[in-house]
Amino acid sequence: MIIRPAEEQELERVSVLRKQVNDLHVEGKPSVFKANFYDGLSDYIYEI
């Protein structure tokens with residue numbers, strides 16, 4: 001397995017995957033994880 005930084009054209013797909021993972025976490029531990037935390041995070045990731 002090769003792990004590398006995402007390229008700019010891949011960031012939208014990475015955000016989709018992050019949302020799916022977060023939704024699973026929220027479903028399993030809603031007292032710990034927050035729904036929709038990723039809304040503002042996508043903009044930050046595009047900036048960095």
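All values below were derived from every heavy atom in this structure, side-chain atoms included, with hydrogens, water molecules and symmetry-related copies excluded.
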Under the side-chain contact (heavy atoms from CB on, under 4.5 Å) test, residues paired with E7 that sit two or more places apart: R4, Q9, E10
Listed partners of E27 passing side-chain contact (heavy atoms from CB on, under 4.5 Å), at least two apart: none
Closest non-hydrogen atom pair between A35 and V26, with its separation: N-CG2, 3.6 Å
Atom pair CG (L17) and CD (E12), whose distance is rounded to the nearest 0.5 Å: 11.5 Å
